[in-house]
2 protein chains.
Amino acid sequence: MGRQATEMLKGTLEGIVLAILAGRSAYGYEITAWLRDRGFTEIAEGTIYALLVRIEQRGLVDVEKVPSEKGPPRKVYSLNDEGREYLEEFWKTWSFLSEQLEQLREGGNGSGH
Amino acid sequence: MGRQATEMLKGTLEGIVLAILAGRSAYGYEITAWLRDRGFTEIAEGTIYALLVRIEQRGLVDVEKVPSEKGPPRKVYSLNDEGREYLEEFWKTWSFLSEQLEQLREGGNGSGH
DNA sequence: TACCGGTACTCAGCAACACCAGGTAGCTCG
DNA sequence: CGAGCTACCTGGTGTTGCTGAGTACCGGTA
């Protein structure tokens with residue numbers, strides 16, 4: 001990614017994590033690894049945990065503690081109804097933004113040729 | 001847009017403005033009006049001016065003061081070479097993010113079953 | 001003249017978010 | 001014991017957009 005990634009992630013990262021949780025339940029360490037796999041190499045571990053705390057406090061996810069064979073117990077997060085609703089809103093905002101940017105990229109703005 | 005727009009704009013708004021300036025020169029008030037037209041109704045006027053100051057200080061744009069018939073002189077911004085390069089990087093980061101989100105939206109994450 | 005509304009830009013203080021750097025804790029293996 | 005992996009948490013920092021107010025210039029109108 002690039003230098004601009006940090007700022008661009010603000011607000012989007014939350015949606016990304018919620019979207020992941022919409023597919024299946026997961027815990028912090030797992031999500032971090034998953035993101036690194038996908039190319040988000042610059043996302044700090046602490047960022048994910050802070051984000052998970054946030055969405056938990058907002059009531060967007062349910063949490064369950066599950067013992068691990070390889071270390072401390074995992075906090076497994078799963079999206080609840082409120083979270084699904086919130087994610088729906090995220091997609092709307094994202095779509096809007098995405099469309100606008102696509103238009104800007106192709107041909108420039110209204111004054112174009 | 002939605003409640004989530006504010007955070008999502010962080011990092012993207014800059015790219016949006018640079019993309020506008022890539023199409024043609026413009027001044028703050030004009031850009032604000034243009035954005036409102038395009039549906040960015042919640043963007044505060046002050047935000048655009050602050051952003052313009054920022055990208056000017058970073059040397060991404062050239063500025064020219066032009067007298068106006070209807071008020072104080074306008075500060076007309078135009079993208080320079082460094083700005084064009086920066087915009088190019090923005091598009092790369094955006095593309096990456098966009099692809100990842102598109103994959104997430106469609107079918108869930110790679111781990112499938 | 002005095003006022004209003006539109007144009008155009010500026011500024012101080014605030015909140016949210018990602019980053020950094022470090023810490024805690026459990027497990028396995030040599 | 002020490003190293004390394006797993007798994008989570010925390011305090012302080014910088015960037016960014018928002019709020020709300022202010023300055024200034026102009027034309028039209030009463």
Side-chain angles (χ1 to χ4, degrees), chain A residues 1-18 25-36 40-58 60-61 63-77 86 90 93 97, chain B residues 1-18 25-36 40-58 60-61 63-77 86 90 93 97:
Chain A
M1 304 197 49
R3 309 192 292 280
Q4 319 187 32
T6 293
E7 290 306 322
M8 228 183 288
L9 278 176
K10 289 187 179 175
T12 352
L13 185 54
E14 192 175 284
I16 291 172
V17 170
L18 291 175
S25 303
Y27 54 97
Y29 194 83
E30 190 183 9
I31 294 173
T32 305
W34 191 90
L35 288 172
R36 292 211 199 289
F40 293 97
T41 53
E42 296 164 23
I43 293 183
E45 201 180 359
T47 299
I48 299 299
Y49 287 110
L51 193 157
L52 289 171
V53 167
R54 226 160 53 223
I55 62 178
E56 180 187 355
Q57 284 175 345
R58 285 197 203 137
L60 305 178
V61 289
V63 187
E64 193 190 356
K65 231 169 189 158
V66 178
S68 161
E69 304 139 4
K70 297 185 175 182
R74 297 164 174 166
K75 281 181 75 176
V76 175
Y77 295 83
Y86 189 86
F90 169 81
T93 307
L97 214 55
Chain B
M1 305 197 48
R3 309 191 292 281
Q4 320 187 33
T6 293
E7 289 306 323
M8 231 181 288
L9 278 176
K10 289 186 181 177
T12 3
L13 185 55
E14 191 175 284
I16 291 172
V17 170
L18 290 176
S25 303
Y27 54 97
Y29 195 84
E30 190 183 10
I31 294 173
T32 306
W34 191 91
L35 287 172
R36 291 210 199 290
F40 293 95
T41 53
E42 296 163 22
I43 293 182
E45 202 180 358
T47 299
I48 299 300
Y49 287 110
L51 194 158
L52 289 171
V53 167
R54 229 160 48 224
I55 61 178
E56 180 188 354
Q57 284 175 345
R58 285 199 204 137
L60 306 178
V61 288
V63 188
E64 192 190 358
K65 238 178 182 147
V66 178
S68 161
E69 305 139 3
K70 296 184 174 182
R74 296 164 175 167
K75 280 180 76 177
V76 175
Y77 296 82
Y86 189 87
F90 170 82
T93 308
L97 213 57

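Chain letters run A, B, ... following the sequence lines, proteins first, then strands; residues in each count from 1. It should be emphasised that the depicted structure is a prediction, and the values quoted were computed from it without experimental measurement.
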Asks: Sequence neighbours excluded, which residues qualify as salt bridge (Lys or Arg N to Asp or Glu O under 4.0 Å) partners of B:E14?
Replies: B:R54, B:R58

Asks: The side chain of B:Y27 lies closest to which of these nucleotides: C:dC9, D:dT19, D:dT6?
Replies: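 Of the options given, the side chain of B:Y27 lies nearest C:dC9.
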
Asks: Can you check whether B:R54 has a side-chain N or O nearer than 4.0 Å to OP1 or OP2 of D:dT16?
Replies: yes

Asks: Within the 4.0 Å heavy-atom criterion, would you say A:S68 contacts the bases, only the backbone, or no part of the nucleic acid?
Replies: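 Sugar-phosphate only.
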
Asks: With heavy atoms under 4.0 Å as the rule, sort A:T47 into base, sugar-phosphate or nothing.
Replies: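 If one applies the 4.0 Å heavy-atom cut-off, A:T47 turns out to touch a base.
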
Asks: Closest-nucleotide mapping onto DNA chain D: is B:A44 or B:G71 further toward the 5' terminus? I mean the 5' end.
Replies: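 Taking each residue's closest nucleotide, the earlier one in sequence belongs to B:A44.
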
Asks: Counting only side-chain heavy atoms from C-beta out, which of C:dA18, D:dT16, C:dA8 sits nearest to A:E7?
Replies: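 The answer is D:dT16, which lies nearest to the side chain.
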
Asks: What's the CD1-C1' distance between B:I48 and C:dT10, to the nearest Å?
Replies: 15 Å

Asks: Using the closest heavy atom to pick a nucleotide of DNA chain C for each, name whichever of A:P73 or B:K75 lands nearer the 5' end.
Replies: B:K75

Asks: Nearest-Å distance, CD1 (A:I16) to C1' (C:dC17)?
Replies: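 Taking CD1 of A:I16 and C1' of C:dC17, I get 14 Å after rounding.
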
Asks: Starting at CG of A:L51 and ending at P of D:dC9, how long is that distance when rounded to a whole Å?
Replies: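 One finds 13 Å between P of D:dC9 and CG of A:L51, rounded.
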
Asks: How many Å lie between CG on B:L52 and P on D:dT16, as a whole number?
Replies: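 Roughly 13 Å, once rounded to whole Å.
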
Asks: Whole Å only: how far is the OH atom of B:Y49 from the P atom of C:dA8?
Replies: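 After rounding, the reported distance stands at 8 Å.
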
Asks: For the pair made of CD in A:E14 and P in C:dA15, what is the distance, rounded to whole Å?
Replies: 18 Å

Asks: Counting distance alone, no hydrogens or angles: does the base of C:dT7 have a donor or acceptor under 3.5 Å from a partner atom on the side chain of B:K70?
Replies: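 Not at all, since no donor on one side and acceptor on the other fall under 3.5 Å apart.
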
Asks: Charged N to carboxylate O below 4.0 Å: is that the case for B:R74 and B:E30?
Replies: no

Asks: With sequence neighbours excluded, what pairs up with A:R3 under the salt bridge (Lys or Arg N to Asp or Glu O under 4.0 Å) test?
Replies: B:E89

Asks: Give a yes/no answer on whether the side chain of A:R58 brings an N or O atom under 4.0 Å of OP1 or OP2 in C:dC17.
Replies: yes

Asks: Let me know the distance between CE of A:M8 and P of D:dT15, rounded to the nearest Å.
Replies: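 Going from CE in A:M8 over to P in D:dT15 covers 17 Å.
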
Asks: Walk me through it: do B:Y27 and B:V63 pass the test side chain to side chain contact (heavy atoms under 4.5 Å, CB included)?
Replies: CA-CA 9 Å; B:Y27 54 97; B:V63 188; over 6 Å; no

Asks: If you assign each of A:E45 and A:E69 to its closest nucleotide in DNA chain C, which residue comes earlier from the 5' end?
Replies: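 So the residue in question is A:E45.
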
Asks: For A:E42, report the nucleic acid contact type (base, sugar-phosphate, nothing); a contact means any heavy atom under 4.0 Å.
Replies: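 Sugar-phosphate contact only - A:E42 comes under 4.0 Å of backbone atoms but never of a base.
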
Asks: Quickly work out the B:Y29 OH to D:dC25 P distance and round it to whole Å.
Replies: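 Roughly 17 Å, once rounded to whole Å.
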
Asks: Select base, sugar-phosphate, or nothing to describe what A:L13 touches, counting heavy atoms under 4.0 Å on all strands.
Replies: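 Here A:L13 touches the backbone only, sparing every base.
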
Asks: Has the side chain of B:Y86 got a donor or acceptor atom that lies under 3.5 Å from a matching backbone atom of B:G15?
Replies: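 Judged by distance alone, no pair lies under 3.5 Å.
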
